[in-house]
Amino acid sequence: MKLTSLPSKRETIRQNMIHVRDRTLELFTDCTREEFCQQAHPDFSPVGWHLGHIALTESLWILEHCAGEAPLFPEYRQLLTADGLRKEERQNLPSFSVIQDYLETVRNRVFKYLEIAPIAQQERLLYWLLQHENQHNETIVFLLQLLRWKKLQEFSPLQRRDRPSSPSSFNTNISDAMVTISAGEFLMGNNNIEAQDNERPEHLVYLDTYQIDRFPVTCQQYQEFMAAGGYQKAEFWSKMGWQWLQKNPVVQPLYWRDSPDWKEHPVCGVSYYEAEAYATFTGKRLPTEAEWEKAASWDAKIGEKLLYPWGNNAPNSQYCNYNTFIGHTTPVNLYINGQSPWGCWDMMGNVWEWTSSLFSGYNGFEFYPYRGYSQVYVDNKHRVLRGGSWATHPWSFRASFRNWYHPWVRQILVGFRCAM
């Protein structure tokens with residue numbers, strides 16, 4: 001029998017880069033020129049800028065920093081670098097085909113370099129680069145959703161894409177039930193090669209006993225807050241949250257559907273302030289990120305940390321809603337196989353979840369590959385989000401992964417669950 005050799009690490013990385021790029025370009029299949037260049041919101045760059053930024057970043061770190069080559073297309077540097085023009089000045093973009101040529105030119109040069117690159121020394125950087133592209137992919141997804149939201153509201157979720165068939169054979173009642181997480185130490189963080197700088201180092205954390213919601217807060221549950229005048233009563237809001245609400249007089253989540261089809265879906269498109277107010281309304285609070293991670297990944301019976309709530313198997317459609325496979329949120333009680341060891345549902349995928357924690361580095365944090373990736377956001381102004389969304393790619397999908405945003409941001413695919 002002829003044995004088939006396993007692919008080399010070099011070839012595996014190459015195939016991963018091809019796969020991620022294919023996913024990136026698929027997002028622009030129906031993108032118009034107006035959508036490509038238009039700002040969906042003042043806090044975010046146009047989707048076309050994100051596509052060009054992916055090319056610039058790959059060229060900068062692989063061709064310039066690693067291969068020592070001269071910059072490709074230096075005329076794009078100011079436009080496409082993260083610290084170049086202000087976001088509102090990034091709308092005068094080249095066409096999609098021009099930026100696609102830029103991506104292809106850079107990628108061809110990168111693949112030529114990877115044939116001789118010292119993979120062992122540069123593996124961490126290559127994994128970082130994959131995740132960088134994935135993170136911008138997700139930004140592209142929700143920006144396109146923002147631009148198209150009014151049109152999307154004309155369709156029910158089942159008309160747009162089909163639900164997954166296998167997990168939906170089981171359904172459990174959704175309630176305010178909470179699970180109890182027993183006191184003790186657990187391993188927080190991640191030292192694996194693909195872990196981002198802010199996930200490192202892995203470390204022991206002790207937590208007292210606490211309770212956390214079995215499910216993310218659903219639209220039906222959040223409707224009770226709205227019906228009780230939650231957006232009109234200051235007693236539910238923090239001082240900062242109430243000030244934000246007076247300047248931004250919203251009365252419902254951004255991605256709100258007043259439809260029975262969505263009552264079991266997680267609430268989506270809420271700011272940290274809105275999540276905090278709902279938690280106060282129910283007599284609860286938001287979990288810390290340590291509480292969230294323990295509930296999502298710590299198996300107390302065997303004393304081990306899991307990569308995902310369901311274990312260490314790679315994500316698939318039996319476990320969660322991710323990677324834009326469905327294209328919208330799903331009911332929080334859909335994925336029985338995705339439960340954590342504590343019995344929490346939907347902790348990975350569907351919607352990101354706000355935590356009460358301010359973003360900061362763990363003890364022993366060292367920035368990588370540059371200070372601007374995460375260290376500059378350690379400013380006591382950003383709150384941590386956990387779990388990933390229906391648009392999160394597997395490369396950015398693990399229980400230790402940390403996301404962060406200002407507390408007033410609600411354009412992202414974010415919901416929450418409560419704790420006590």
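The ring of Tyr405 has its center no closer than 6.0 angstrom to the ring center of Trp354. Between Tyr255 and Trp149, the distance separating the two ring centers is shorter than 6.0 angstrom. Ring centroids of Tyr319 and Tyr308 are separated by 6.0 Å or more, keeping the two rings apart.
Heavy atoms of other residues, nucleotides or ligands lying less than 6.0 angstrom from CG of Asn92 number 12 at most. Heavy-atom contacts from other residues, nucleotides or ligands closer than 6.0 Å to CD of Glu26 number more than 12. The environment of CD in Glu34 is sparse: at most 12 heavy-atom neighbours from other residues, nucleotides or ligands sit within 6.0 Å. The number of heavy atoms from other shown groups lying within 6.0 Å of CG (Asn363) does not exceed 12.
A salt bridge does not link Glu133 with Arg23: none of the charged nitrogens is closer than 4.0 Å to a carboxylate oxygen. At a threshold of 4.0 Å, the pair Arg21-Glu58 counts as salt-bridged, since one of the basic side-chain nitrogens sits closer than that to a carboxylate oxygen. The pair Glu69-Lys112 fails the salt-bridge criterion, with no side-chain N (NZ, NE, NH1 or NH2) lying under 4.0 Å from an Asp/Glu carboxylate O. Between Glu194 and Arg398 there is no salt bridge, since no side-chain nitrogen of the basic residue lies less than 4.0 Å from a carboxylate oxygen of the acidic one. A salt bridge links Arg77 with Glu64: the closest approach of a Lys/Arg side-chain nitrogen to an acidic carboxylate oxygen falls below 4.0 angstrom.
Within the 4.5 Å cutoff, side-chain heavy atoms of Tyr335 are placed close to those of Thr330. Under the 4.5 Å side-chain criterion, counting only non-hydrogen atoms from C-beta, Met188 is not in contact with Lys294.
Using a 3.5 Å distance cut-off with no hydrogens or angles, the side chains of Gln100 and Glu104 do not pair a donor with an acceptor.
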Can you list, pair by pair, the side-chain donor-acceptor contacts under 3.5 Å of residues 226-236, counting residues two or more places apart and other chains?
residue : atom : partner : partner atom : Å
Tyr231  : OH   : Tyr222  : OH           : 2.7
Tyr231  : OH   : Glu274  : OE2          : 2.6
Lys233  : NZ   : Ala228  : O            : 3.0

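For Arg386, the salt bridge (charged side-chain N to carboxylate O under 4.0 Å, His left out) criterion is met by Glu289, Glu293, not counting sequence neighbours.
Results of the side chain to side chain donor-acceptor pair (under 3.5 Å) test with Asn137 over Thr24, Thr324, Thr392 single out Thr24 as the only residue that passes.
From Leu56, atom CG reaches atom NE2 of His53 across 7.0 Å, with rounding to the nearest 0.5 Å.
Both the sub-6.0 Å distance and the 45° axial angle are not jointly satisfied by Arg200 relative to the ring of Tyr368.
Sequence neighbours left out, the pairs with a member in residues 369-380 that pass side-chain hydrogen bond (donor to acceptor under 3.5 Å, both in side chains) are Gln135-Tyr373, Gln196-Tyr373, Asp197-Ser374, Asp379-His382.
Using the six-membered ring where Trp is involved, Phe401 and Trp352 have ring planes that are tilted, between 30° and 60° apart.
Between the side chain of Thr355 and the backbone N or O of Val384, at least one donor-acceptor pair lies under 3.5 Å.
When every heavy atom of Ala419 is checked against every heavy atom of Glu291, the shortest pair comes out as CB-OE1, 4.2 Å.
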